[in-house]
A.B. asks: 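This is the structure I have questions about; it appears just below.
Note that this is a predicted model, so its numbers are computed, not measured. Side chains are part of it too, since the values below use all heavy atoms of this structure and drop only hydrogens, waters and symmetry mates.
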Amino acid sequence: MAPDRVQELTNEVDVLTESNKVLSAKSKSLTQDLNKIKSTPTNEDLATSLNSAREHVREYCTEPPVNIALAQLHPLRQGAPAVTQAEIDQMEYNWKKYRAEWIIRKKIFREVWTTFTGDMAPSEVTELAEDLGVEWDSEEHVALEIRMGPNAMTTHRRKYASHGYGN
């Protein structure tokens with residue numbers, strides 16, 4: 001073959017290769033678009049899903065949540081006390097009982113923790129606490145304990161009663 005013919009065919013191959021690359025990219029883009037369209041639900045699918053959701057709502061949600069909340073507020077609107085005196089007394093009793101238990105358990109934990117971590121570096125203590133999942137009192141809790149003190153429930157009741165509530 002003549003060198004001119006070889007050059008001509010080489011140029012034609014290069015042009016066809018470039019054209020093939022462009023068409024391949026376009027084909028890939030169109031395939032992605034087709035897959036998006038295929039994955040989009042049809043009108044029939046949407047109607048079926050909507051009807052199913054409506055049935056679910058009818059079956060499980062017989063009353064709107066607003067009506068449920070309003071029904072729970074009805075006794076308060078009629079002037080019923082939110083908490084009876086007996087319930088307040090029981091809460092105060094439980095508060096004192098369980099708070100005292102909590103204080104004892106916290107003291108025991110501190111003693112055991114100090115015994116085991118006394119010789120450790122602070123970074124090792126922190127790492128051990130994280131590994132064991134130890135939850136320390138938050139700053140808010142510490143501040144509340146200082147402010148409220150051991151008779152917090154009683155103090156609260158006195159303040160509440162002194163303002164004319166609960167009598």
A.B. asks: When you measure from the side chain of S19 to the backbone N and O of V15, does any donor-acceptor pair fall under 3.5 Å?
C.D. replies: no
A.B. asks: For H141, look at atom NE2 and say whether over 12 heavy atoms of other residues, nucleotides or ligands are found less than 6.0 Å away.
C.D. replies: yes
A.B. asks: Would you confirm whether E111, through its side chain, and I108, through its main-chain N or O, come within 3.5 Å as a donor-acceptor pair?
C.D. replies: no
A.B. asks: Roughly how far apart are T84 OG1 and Q90 CD, rounded to 0.5 Å?
C.D. replies: 10.0 Å
A.B. asks: In terms of heavy-atom contacts, does CD of Q78 have more than 12 from other residues, nucleotides or ligands at under 6.0 Å?
C.D. replies: yes
A.B. asks: Quick one: CG on L132 to CZ on F116, what's the gap to the nearest 0.5 Å?
C.D. replies: 11.0 Å
A.B. asks: For the pair E101 and K97, find out whether any cationic side-chain nitrogen is under 4.0 Å from an anionic carboxylate oxygen.
C.D. replies: no
A.B. asks: Indicate yes or no: at least one non-hydrogen side-chain atom of K26 is less than 4.5 angstrom from one of V22.
C.D. replies: no
A.B. asks: Any heavy-atom pair between the side chains of R99 and N94 that's under 4.5 Å?
C.D. replies: no
A.B. asks: Determine, stepwise, if the pair R110 / T115 fulfils side-chain contact (heavy atoms from CB on, under 4.5 Å).
C.D. replies: CA-CA 8 Å; R110 277 196 214 133; T115 302; over 6 Å; no
A.B. asks: Just by distance, do the side chain of S27 and the backbone of L23 share a donor-acceptor pair under 3.5 Å?
C.D. replies: no
A.B. asks: Could you grab the distance from atom NZ of K36 to atom CG of L34, nearest 0.5 Å is fine?
C.D. replies: 11.5 Å
A.B. asks: Out of curiosity, N35 CG to T31 OG1, how far, rounded to the nearest 0.5 Å?
C.D. replies: 7.0 Å
A.B. asks: Looking only at side chains, do N11 and Q7 share a donor and an acceptor under 3.5 Å apart?
C.D. replies: yes
A.B. asks: Do I104 and V112 land in one hydrophobic cluster if side-chain heavy atoms of ILVMFWY residues count as linked below 4.5 Å?
C.D. replies: yes
A.B. asks: So, do F109 and W136 have ring centers that fall under 6.0 Å from each other?
C.D. replies: yes
A.B. asks: Counting distance only, does the side-chain N/O of S52 pair as donor-acceptor with the main-chain N or O of T48 below 3.5 Å?
C.D. replies: no
A.B. asks: Kindly work out whether a path of hydrophobic side-chain contacts (I/L/V/M/F/W/Y, heavy atoms less than 4.5 Å apart) joins Y93 to M91.
C.D. replies: no
A.B. asks: Decide yes or no for E124 and T117: does some side-chain heavy atom of the first lie under 4.5 Å from some side-chain heavy atom of the second?
C.D. replies: no
A.B. asks: Let me confirm one number: the CG-CD1 distance from L30 to I37, rounded to the nearest 0.5 Å.
C.D. replies: 9.5 Å
A.B. asks: Is a side-chain donor or acceptor of S24 paired with a backbone partner of N20 at a separation under 3.5 angstrom?
C.D. replies: no
A.B. asks: Within the distance-only criterion (no hydrogens, no angle test), does the side chain of S49 pair as donor or acceptor with the backbone N or O of D45 below 3.5 angstrom?
C.D. replies: yes
A.B. asks: What is the distance from atom CG of D131 to atom OG1 of T126, rounded to the nearest 0.5 Å?
C.D. replies: 11.0 Å
